[in-house]
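Accompanying notes for the structure given below.
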Amino acid sequence: MTDDQGEMMRRRIVAANWKMNMTSDEAGAFINTIREGINGKEAEVHIIPPFVDIAVVKDALKGTDILVGAQNMYYEDKGAFTGEISADMLTCLGVHSVVIGHSERRNIFSEDDEMINLKVKKALEKGLVPILCCGESLDTREAGKVSEWINAQIESAFSGISAQDAVKCIIAYEPIWAIGTGKVATTDQAQEVCLLIREKIKELYGSETAEDIHILYGGSVKADNCKELFECPDIDGGLVGGASLKPEFVDIVNA
Ligand code: 13P
């Protein structure tokens with residue numbers, strides 16, 4: 001896609017992170033209600049259900065251009081890792097993308113930067129698109145340390161990754177204080193951090209990679225606030241939690 005000046009434009013991406021919601025029965029029924037509304041749109045749509053719903057969702061999306069993602073994966077290929085899911089298990093099901101480093105994984109399940117880096121590398125090695133999450137807590141924001149925090153998260157997540165691979169990643173900026181709270185970041189706050197992330201990518205990989213990489217905003221994205229967020233120059237779409245479980249998701253994709 002190109003703009004009026006013939007410059008390459010980044011495609012919009014809207015990703016639905018269902019988190020731990022929807023049984024497989026519910027998942028199939030829900031996809032049937034939103035399928036037509038989200039198919040064939042300009043935006044690239046990713047539905048990211050719990051692992052056990054992936055096969056049902058894939059099946060319900062047959063014949064559409066909607067992509068399926070996973071919410072997590074482990075960085076080892078196989079072995080004695082009870083309860084974990086490998087990249088090969090995901091690709092075998094036709095999964096396209098995988099969320100890595102969501103703040104709920106970092107905070108509730110103690111995933112650290114080193115583990116997140118290993119997961120990003122493994123996902124890339126196996127041909128999955130990592131949706132790498134970053135974001136600061138309210139304390140970090142109030143202490144005026146947002147840029148320091150985000151830069152460190154990005155630097156560590158991309159450590160040892162080539163520019164050729166980095167550009168395949170999608171980055172999601174999700175301020176922790178805006179997740180599930182109804183407290184959306186202002187467009188200025190969201191744009192400011194997404195620009196900061198793009199500048200960090202430029203520092204690490206140069207301007208071409210920075211111009212091409214997709215950066216999403218996540219945190220209380222709803223049908224009534226998504227348009228102005230998605231219009232910001234450095235925000236290429238959204239990672240949607242709560243609102244992706246409702247028919248409202250169709251309106252977000254259409255925005
Ligand atoms: P909410 O949209 O429910 O705030 O969740 C955002 C999120 O964490 C998506 O990954």
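In this text, all values refer to a predicted model and were calculated from it rather than measured experimentally.
Under a 3.5 Å cut-off, the side chain of Asn151 and the backbone N or O of Ser147 do form a donor-acceptor pair. Remark: the backbone N or O of Lys145 is not paired with any side-chain donor or acceptor of Glu148 at under 3.5 angstrom. Side-chain atoms of Asp212 never come within 3.5 Å of backbone atoms of Thr209 as a donor-acceptor pair (strictly under, hydrogens ignored). A donor-acceptor contact shorter than 3.5 Å is absent between the side chain of Asn17 and the backbone of Gly241. Side-chain N or O atoms of Glu84 include none that pairs as donor or acceptor with a backbone N or O of Phe81 at under 3.5 Å.
Residues Val129 and His96 meet the side-chain proximity criterion, which asks for heavy atoms closer than 4.5 Å. Using a 4.5 Å heavy-atom threshold, the side chains of Pro130 and Leu124 count as touching. Between Ile100 and Cys133 there is no side-chain heavy-atom pair separated by less than 4.5 Å. Contact annotation: the side chain of Glu199 approaches that of Leu195 to within less than 4.5 Å [non-hydrogen atoms, C-beta and beyond]. Using a 4.5 Å heavy-atom cutoff, the side chains of Thr23 and Val52 are not in contact. Side-chain contact between Thr187 and Glu192 is absent, with no heavy atoms from C-beta onward closer than 4.5 Å.
Distance check: Asp251 CG to Ile38 CD1 gives 11.5 Å after rounding to the nearest 0.5 Å. To the nearest 0.5 Å, atom OG of residue Ser220 and atom CG of residue Leu229 are 10.5 Å apart. Here the CZ atom belonging to Arg35 is positioned 10.5 Å from the NZ atom belonging to Lys62, to the nearest 0.5 angstrom. Distance check: Asp234 CG to Arg10 CZ gives 6.0 Å after rounding to the nearest 0.5 Å. Taking CG from Leu196 and SG from Cys134, the interatomic distance works out to 9.0 Å, rounded to the nearest 0.5 Å. Taking OG1 from Thr91 and NZ from Lys126, the interatomic distance works out to 7.5 Å, rounded to the nearest 0.5 Å.
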Under the side chain to side chain contact (heavy atoms under 4.5 Å, CB included) rule, what do Leu132 and Phe158 come out as? Steps first, then yes or no, please.
-> CA-CA 10 Å; Leu132 169 77; Phe158 283 94; 3.6 Å; yes

Decide salt bridge (charged side-chain N to carboxylate O under 4.0 Å, His left out) for Glu155 and Lys200; before the verdict, give the C-alpha distance in whole Å, the side-chain angles of both, and the deciding distance to 0.1 Å.
-> CA-CA 8 Å; Glu155 223 164 86; Lys200 185 69 196 172; 2.4 Å; yes

So Lys227 and Glu231, side chain to side chain contact (heavy atoms under 4.5 Å, CB included) or not? Walk me through it.
-> CA-CA 6 Å; Lys227 201 165 186 298; Glu231 274 168 3; 3.0 Å; yes

Checking salt bridge (charged side-chain N to carboxylate O under 4.0 Å, His left out) for the pair Arg106/Asp113: CA distance, chi angles, key distance, verdict?
-> CA-CA 8 Å; Arg106 294 179 192 255; Asp113 286 337; 2.9 Å; yes

Between Ile150 and Val146, does a side chain to side chain contact (heavy atoms under 4.5 Å, CB included) hold up when you go through it step by step?
-> CA-CA 6 Å; Ile150 298 289; Val146 177; 4.0 Å; yes

Steps toward side chain to side chain contact (heavy atoms under 4.5 Å, CB included) verdict (Leu216, Cys194) = CA-CA 8 Å; Leu216 313 182; Cys194 289; over 6 Å; no

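Clustering ILVMFWY residues whenever any of their side-chain heavy atoms sit less than 4.5 angstrom apart, transitively, puts Tyr217 in the very cluster that holds Val45. Both Ile171 and Val221 are members of a single hydrophobic cluster when ILVMFWY side chains are connected at heavy-atom separations under 4.5 Å. Under the 4.5 Å side-chain heavy-atom criterion for Ile, Leu, Val, Met, Phe, Trp and Tyr, Ile197 and Val120 are members of the same hydrophobic cluster. Trp149 and Ile215 fall within the same hydrophobic cluster, where Ile, Leu, Val, Met, Phe, Trp and Tyr residues are linked whenever their side-chain heavy atoms come under 4.5 Å apart, directly or through other members. In the hydrophobic clustering of ILVMFWY residues, with side-chain heavy atoms under 4.5 Å counting as a link, Ile179 and Ile170 come out apart.
Around the CH2 atom of Trp177, the shell of radius 6.0 Å holds more than 12 heavy atoms that belong to other residues, nucleotides or ligands. Other residues, nucleotides and ligands place no more than 12 heavy atoms under 6.0 Å from the NZ atom of Lys202. Annotation for Glu114: atom CD does not count as buried by contact number, only 12 or fewer foreign heavy atoms lying within 6.0 Å.
Among all heavy-atom pairs drawn from Ile47 and Trp18, the shortest one is CG2-CZ2, 3.7 Å. When all heavy atoms are compared, the tightest approach of Ala185 to Pro175 is CB-CG, 4.3 Å. Residues Phe230 and Val14 share a closest heavy-atom pair of CE1-CG2, 4.2 Å. Looking at every heavy atom in both residues, Glu248 comes nearest to Ala223 through OE2-N, 2.8 Å. Considering every non-hydrogen atom in both Phe249 and Ala16, the closest pair reads CZ-CB, 3.6 Å. The shortest non-hydrogen separation linking Ile176 to Gly135 is CD1-O, 3.9 Å.
Salt bridge status for Lys121 with Glu125: absent, with no side-chain N to carboxylate O gap under 4.0 Å. A salt bridge between Arg141 and Glu136 is present, with a side-chain N of the basic residue lying under 4.0 Å from a carboxylate O of the acidic one.
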Using a 3.5 Å cut-off and no angle test, enumerate the donor-acceptor pairs between side-chain atoms of residues 65-80 and protein atoms at least two apart in sequence or in another chain.
residue : atom : partner : partner atom : Å
Asp65   : OD1  : Gly40   : N            : 3.3
Gln71   : NE2  : Lys19   : O            : 2.9
Gln71   : NE2  : Ile48   : O            : 3.2
Gln71   : NE2  : Pro49   : O            : 3.4
Asn72   : OD1  : Lys119  : NZ           : 2.8
Asp77   : OD1  : Lys122  : NZ           : 2.9

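There is no side-chain donor-acceptor pair under 3.5 Å between Ser156 and Ser159. Checked by atom type, the side-chain pair Tyr173/Gln191 shows no donor-acceptor distance below 3.5 Å.
Each of Arg11, Arg198, His214 was checked for a side-chain hydrogen bond (donor to acceptor under 3.5 Å, both in side chains) with Asp236, and the lone residue meeting it is Arg198.
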